[in-house]
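These numbers come from the heavy atoms of this one structure, side chains and all, not from hydrogens, waters or symmetry mates.
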There are 2 protein chains.
Amino acid sequence: MTPLKSTSVTIRQVADAAGVHFSTVSRALNPATRRLVKPQLAKKVQEAAHRLGYHANAAASSLRTGRSKVVGVIVPDLGSMLFPPILEGIDAEFQKSGYMTIIGHTANDDQQQRRILAGLSERQVDGLIIATATLDEPVTGSLLNGRVPVVLINRTDSTGRTPAVLHDDLKGIHLAFEHLVALGHTNIAHLAGPSVLSTGSLRLRGFRLAHQEMLAGAKLGPVVEAKSFSVEAGKVACLSLLKRNKRVTAIVAANDLLAIGCYEALSELGLKCPDEISVTGYNNTAFSGLVRPALTTVNLRLRDMGIEAARMLAGLMSGNAGNADVVLRPSLVVRGSTAPAPTR
Amino acid sequence: MTPLKSTSVTIRQVADAAGVHFSTVSRALNPATRRLVKPQLAKKVQEAAHRLGYHANAAASSLRTGRSKVVGVIVPDLGSMLFPPILEGIDAEFQKSGYMTIIGHTANDDQQQRRILAGLSERQVDGLIIATATLDEPVTGSLLNGRVPVVLINRTDSTGRTPAVLHDDLKGIHLAFEHLVALGHTNIAHLAGPSVLSTGSLRLRGFRLAHQEMLAGAKLGPVVEAKSFSVEAGKVACLSLLKRNKRVTAIVAANDLLAIGCYEALSELGLKCPDEISVTGYNNTAFSGLVRPALTTVNLRLRDMGIEAARMLAGLMSGNAGNADVVLRPSLVVRGSTAPAPTR
DNA sequence: CAAGTGGCTGCAAACGTTTGCAATGGCATT
DNA sequence: AATGCCATTGCAAACGTTTGCAGCCACTTG
């Protein structure tokens with residue numbers, strides 16, 4: 001009843017300006033239907049639209065078509081340095097197809113996550129990329145009453161039913177382990193991440209497999225699980241690890257922050273890295289090259305992960321089956337935190 | 001004509017279930033109009049809505065009201081570690097009022113920025129937070145045909161007409177400078193950031209003012225401008241600085257990355273930090289405490305900046321005037337990169 | 001007791017698109 | 001010359017809300 005805003009240009013005004021019916025304007029402006037209108041007329045319409053500064057009203061379009069050209073992305077923690085490159089990749093890829101992304105930040109809080117999902121549902125997102133999967137709380141195949149396709153990223157849940165974009169963590173740990181073995185280390189420990197996260201538990205498994213394969217004779221190296229992926233937790237875990245295992249000469253940390261925690265533990269114990277103990281990280285976080293010693297770590301293709309997830313979701317949104325995961329191959333970046341095993 | 005999706009629950013179905021007219025459902029579900037319907041009925045409606053799993057269709061609501069409950073945030077570079085905390089603050093604050101944020105990532109590309117603005121305009125965002133302001137390309141007071149209120153964050157443009165949330169950079173540099181003077185330094189240089197960014201030019205001005213005030217007698221310390229806020233640019237600039245100024249004992253860098261660049265330059269020249277030359281950074285980036293020596297730097301309240309910007313934008317969206325900026329107070333974090341001036 | 005009052009609910013018109021269908025006109029086919 | 005076909009355009013009905021207005025009823029008031 002009340003005209004809440006009279007400012008913005010509608011399709012009808014463009015129609016008047018071009019002297020055609022407004023439905024023709026709609027067809028002329030939409031690439032998918034443009035072939036239905038005579039090229040010459042289409043051009044006239046486009047010029048009129050441009051002259052008037054017309055912008056389609058996505059709300060109306062979305063209401064009519066049921067699709068919003070918006071996808072939701074849910075991350076646990078923006079501050080972790082892991083997600084910004086991923087988000088950037090997602091954004092870059094979706095820019096090509098005209099989608100925009102709403103990001104939701106859960107701060108690892110389930111309540112919050114539910115609120116965010118509700119908000120995204122209301123806003124009719126066409127798809128969802130979720131980076132908060134945990135092994136104990138599986139994500140149902142497609143949330144939001146099955147209306148919306150979902151892809152997981154970075155982590156997966158326990159069901160494995162939802163398509164995901166991941167890194168080959170087994171491979172990544174293998175690379176680090178292999179590097180240490182080549183340096184002559186035989187007493188290698190693992191500083192593991194939380195086992196409820198797929199990244200934490202997979203890397204532990206990778207460690208066991210690598211150990212079995214490359215140090216078949218020796219008994220499994222010591223493992224300690226950090227409470228969280230943080231410097232502090234890494235330091236605590238590393239201290240307890242070294243207290244009980246004096247012969248360790250190398251530590252494979254499940255994460256760069258944990259590796260930095262090792263640095264702190266080592267300096268507290270008066271041990272030199274890498275001369276007495278080698279340390280490897282995981283993620284190749286931005287600071288990896290800046291700390292001293294510069295950290296030898298496993299490089300993840302985070303931006304590519306975002307791109308792949310966006311592509312996969314685009315596929316799902318246009319009706320593809322989505323029965324395959326994408327698994328990216330990590331690589332090793334050798335820096336200064338690893339050295340030949342000390343001779344005793 | 002064709003029912004594109006029949007799955008989702010509408011207001012009418014809830015109305016049928018509750019035995020009332022659908023307009024009553026609308027009123028009962030909207031907190032702002034709930035007082036118009038008898039409490040008992042309202043409860044019945046809410047129960048029915050909950051039972052059917054009703055979620056409002058934001059597209060329809062947005063079409064009718066002209067407001068989308070979505071705000072846009074434009075950042076130049078997600079990877080810079082500066083913006084994630086800001087985004088988090090924005091998100092946290094808006095969560096309270098039911099807004100969600102679409103983030104646009106320009107990669108410092110004007111073309112891209114225009115595309116993003118168009119996309120946000122189409123999607124009827126109710127407000128805009130912009131972190132990409134530069135001094136040479138002023139942001140018009142309210143973009144998108146004046147329909148949408150805008151607040152700038154972190155950087156401002158040259159006009160100063162758009163409300164902004166900033167840090168007091170003059171104060172921040174003052175703190176660093178003061179600290180160095182207290183340590184006995186008298187030959188202090190500035191490694192400046194790009195002068196087209198308000199952060200770059202303001203910090204330079206801060207340096208000049210601080211120098212004038214605290215080292216009134218001495219002539220102004222040497223200044224060199226880095227091409228960009230990056231480690232590499234910092235190294236290059238620092239090398240050229242030290243080549244021409246042998247007597248410098250302390251460097252105030254405009255940014256942590258530039259400070260790290262100094263570290264590299266110093267180690268290349270065989271100079272010890274902090275024994276021979278002290279260095280201060282700016283931003284207190286996550287890695288500041290991890291590098292060696294740990295960096296003395298100016299701490300910014302990034303998350304608070306996001307919160308303040310969100311509050312300010314909320315104010316503008318509800319009709320406030322917006323004729324005041326918010327200026328946050330930085331603080332100094334003293335770590336290991338600064339020491340008493342060497343005696344000659 | 002009539003008239004007014006106010007609380008509650010129903011009615012229906014937008015908001016700006018998209019799109020099936022109908023109408024038109026030009027052209028080729030029989 | 002009548003018919004059919006195709007290309008192009010117009011027409012109008014949704015999509016699911018919000019909200020001014022009108023109607024209804026139960027009260028209070030003079």
Practice task
Let me know the distance between CG of A:L63 and P of C:dG16, rounded to the nearest Å.
Solution key: 12 Å
Problem - Length of the NZ-P vector between A:K43 and D:dT8, whole Å - result: 17 Å
Practice task
Could you check whether B:S23 gets within reach of a base, just the sugar-phosphate, or nothing at all, counting any heavy atom under 4.0 Å?
Solution key: base
Completion exercise
When rounded to whole Å, the CG to P distance for the pair A:L36 and D:dT9 reads 10 Å
Handout entry: base_contact_polar (C:dG16 base, B:R64 side chain, donor-acceptor, <3.5 Å)
Key = no
Practice task
Would you indicate which nucleotide in C:dT19, C:dT17, D:dG10 comes nearest to any side-chain atom of A:T10?
Solution key: C:dT17
Problem - Sidechain-backbone polar pair: B:H167 side chain, B:R301 backbone, donor-acceptor under 3.5 Å - result: yes
Practice task
Grab the CZ-C1' distance between B:F22 and D:dT17 for me, whole Å please.
Solution key: 8 Å
Exercise for the section: Select base, sugar-phosphate, or nothing to describe what B:S26 touches, counting heavy atoms under 4.0 Å on all strands. Expected result: base
Handout entry: Touch class at under 4.0 angstrom, heavy-atom based, for A:L41 against every strand present
Key = sugar-phosphate
Problem - Residue among A:V73, A:L128, A:N320, A:I129 satisfying side chain to side chain contact (heavy atoms under 4.5 Å, CB included) with A:L313 - result: A:I129
Problem - Inter-residue atom distance A:T199.OG1 - A:L166.CG, 0.5 Å rounding - result: 10.0 Å
Handout entry: A:N30 CG to C:dG16 P, straight-line distance once rounded to whole Å
Key = 19 Å
Practice task
Go through the steps for B:K44 and B:E47 under the test salt bridge (Lys or Arg N to Asp or Glu O under 4.0 Å), then give the verdict.
Solution key: CA-CA 5 Å; B:K44 192 158 130 196; B:E47 283 170 1; over 6 Å; no
Practice task
Examine C:dC11: is either OP1 or OP2 under 4.0 Å from a nitrogen or oxygen in the side chain of B:H21? Give yes or no.
Solution key: yes
Exercise for the section: Report yes if the side chains of B:Q113 and B:I74 come closer than 4.5 Å at any heavy-atom pair, otherwise no. Expected result: yes
Practice task
Using atom CD1 of B:I11 as one end and atom C1' of D:dT18 as the other, report the distance to the nearest whole Å.
Solution key: 8 Å
Exercise for the section: Return the value, rounded to whole Å, for the distance between atom CZ of B:R27 and atom C1' of C:dG7. Expected result: 12 Å
Exercise for the section: Can you check whether any acceptor in the base of C:dG7 is under 3.5 Å from a donor in the side chain of B:R35, or vice versa? Expected result: no
Exercise for the section: Round to the nearest Å and state the distance from A:K38 atom NZ to C:dT24 atom P. Expected result: 17 Å
